[in-house]
Amino acid sequence: MSELVIQLTRVGFLALLWLFVLAALRVVRSDLRSASGLKVPVPGSEKKASGKQPRTAPKSKSPRQLVVTEGALAGTRITLEGRPIMIGRADDSTLVLDDDYASTRHARLSMQGQDWYVEDLGSTNGTYLDRAKVSGPTKVPIGTPVRIGKTVIELRS
């Protein structure tokens, strides 16, 4: 009877070990897929086919800085120059997060017209705009917190 218990314990441990390996491979695959840079259309990026010019809203204050308000990098400021800002654990990100809850390529902030949009890049733990989970490109108003893991960022003018 004790031989049977030992064998069953070994088989159970081996099954758990394989489940762990498969889960780790799934996370690596999702990080690699998000790092591949798949392009997702952002609202407002397509050009109008008609000759009419769209009416523009009155000029409002446009954000000039990205400020980290909470987390290990609190107080960090990045000047916004119109280029997309990559956020994640990858060394080539614009804002490199040392956060266990952030993915390698976690989110991207990009400018469309005069507005900035945040987009989750298939992260494991998600990106939140003022407590709402971001599921696609979402406009970021000035002063609205964007949470990525333990880090909170805001656009400031």
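Note that the structure is a prediction, hence the values are computed from the model and not measured.
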remark   = Rounded to the nearest 0.5 angstrom, the OG1-CZ distance for T69 and R147 is 8.0 Å
I85/L80 under side-chain contact (heavy atoms from CB on, under 4.5 Å): CA gap, chis, key distance, verdict = CA-CA 8 Å; I85 296 175; L80 300 175; 3.3 Å; yes
ask   = Are there more than 12 heavy atoms of other residues, nucleotides or ligands under 6.0 Å from atom CG of D91?
value = no
query = Quick one: does S110's side chain have a donor or acceptor within less than 3.5 Å of a partner on P84's backbone?
reply = no
task = Give a yes or no on whether M111 and L129 share a hydrophobic cluster (residues Ile, Leu, Val, Met, Phe, Trp, Tyr; joining criterion: side-chain heavy atoms under 4.5 Å apart).
result = yes
Any donor-acceptor pair under 3.5 Å from D120 side chain to V134 backbone = no
Donor-acceptor contact present, side-chain S93 to main-chain A90, <3.5 Å = yes
key: Nearest-0.5 Å distance that lies between atom CD1 in I153 and atom CG in L95   = 6.5 Å
message = Taking V5's backbone N and O only, do any of them form a donor-acceptor pair with T9's side chain (distance below 3.5 Å, no angle check)?
response = yes
query = Which atom names give the shortest non-hydrogen contact between L121 and R105, and what distance separates them?
reply = CB-O, 3.5 Å
note = Shortest non-hydrogen pair, V140 vs V146, comes out as CG1-CG2, 4.0 Å
inquiry  = Using the rule given for side-chain contact (heavy atoms from CB on, under 4.5 Å), can you reason through I87 versus L109, listing the C-alpha separation, both sets of side-chain angles and the distance that settles it, and then say yes or no?
reply    = CA-CA 8 Å; I87 304 169; L109 272 170; 4.3 Å; yes
note = So CD1 of I142 and CZ of R64: to nearest 0.5 Å the spacing works out to 9.5 Å
key: Spacing of E119 atom CD and R108 atom CZ [to the nearest 0.5 Å]   = 4.5 Å
query = For the atom pair CD (E154) and CD (E70), what is the distance rounded to the nearest 0.5 Å?
reply = 8.5 Å
message = Could you report the tightest heavy-atom contact between S62 and S157, atom names first, then the distance?
response = O-CB, 3.7 Å
message = On a heavy-atom basis, which atom in A107 and which in I148 lie closest, and how many Å separate them?
response = CB-CD1, 3.9 Å
task = Could you tell me the separation between the OH atom of Y117 and the NZ atom of K139, rounded to the nearest 0.5 Å?
result = 6.0 Å
message = Can you tell me if D130 has over 12 outside heavy atoms packed within less than 6.0 Å of its CG?
response = yes
task = Would you sort out whether L66 and L155 count as a side-chain contact (heavy atoms from CB on, under 4.5 Å), showing the intermediate values?
result = CA-CA 5 Å; L66 174 71; L155 295 178; 3.9 Å; yes
ask   = Counting N and O atoms only, with roles assigned by atom type, does the side chain of H106 sit under 3.5 Å from a partner on the main chain of M86, one being a donor and the other an acceptor?
value = no
query = With the 4.5 Å side-chain cut-off for hydrophobic clustering, are L73 and V67 part of the same group?
reply = no
query = Is the side chain of N125 donor-acceptor paired with the backbone N or O of G149 at a distance under 3.5 Å, no angle test?
reply = no
key: Which atom of W116 lies closest to which atom of P63, heavy atoms considered   = CD1-CG, 3.5 Å
request  = Return the minimal non-hydrogen interatomic distance between T138 and G136, and the atom names on each side.
outcome  = OG1-O, 2.8 Å
inquiry  = Using modelled atom types and a 3.5 Å cut-off, is there a donor and acceptor pairing between side-chain atoms of R89 and backbone atoms of A102?
reply    = yes
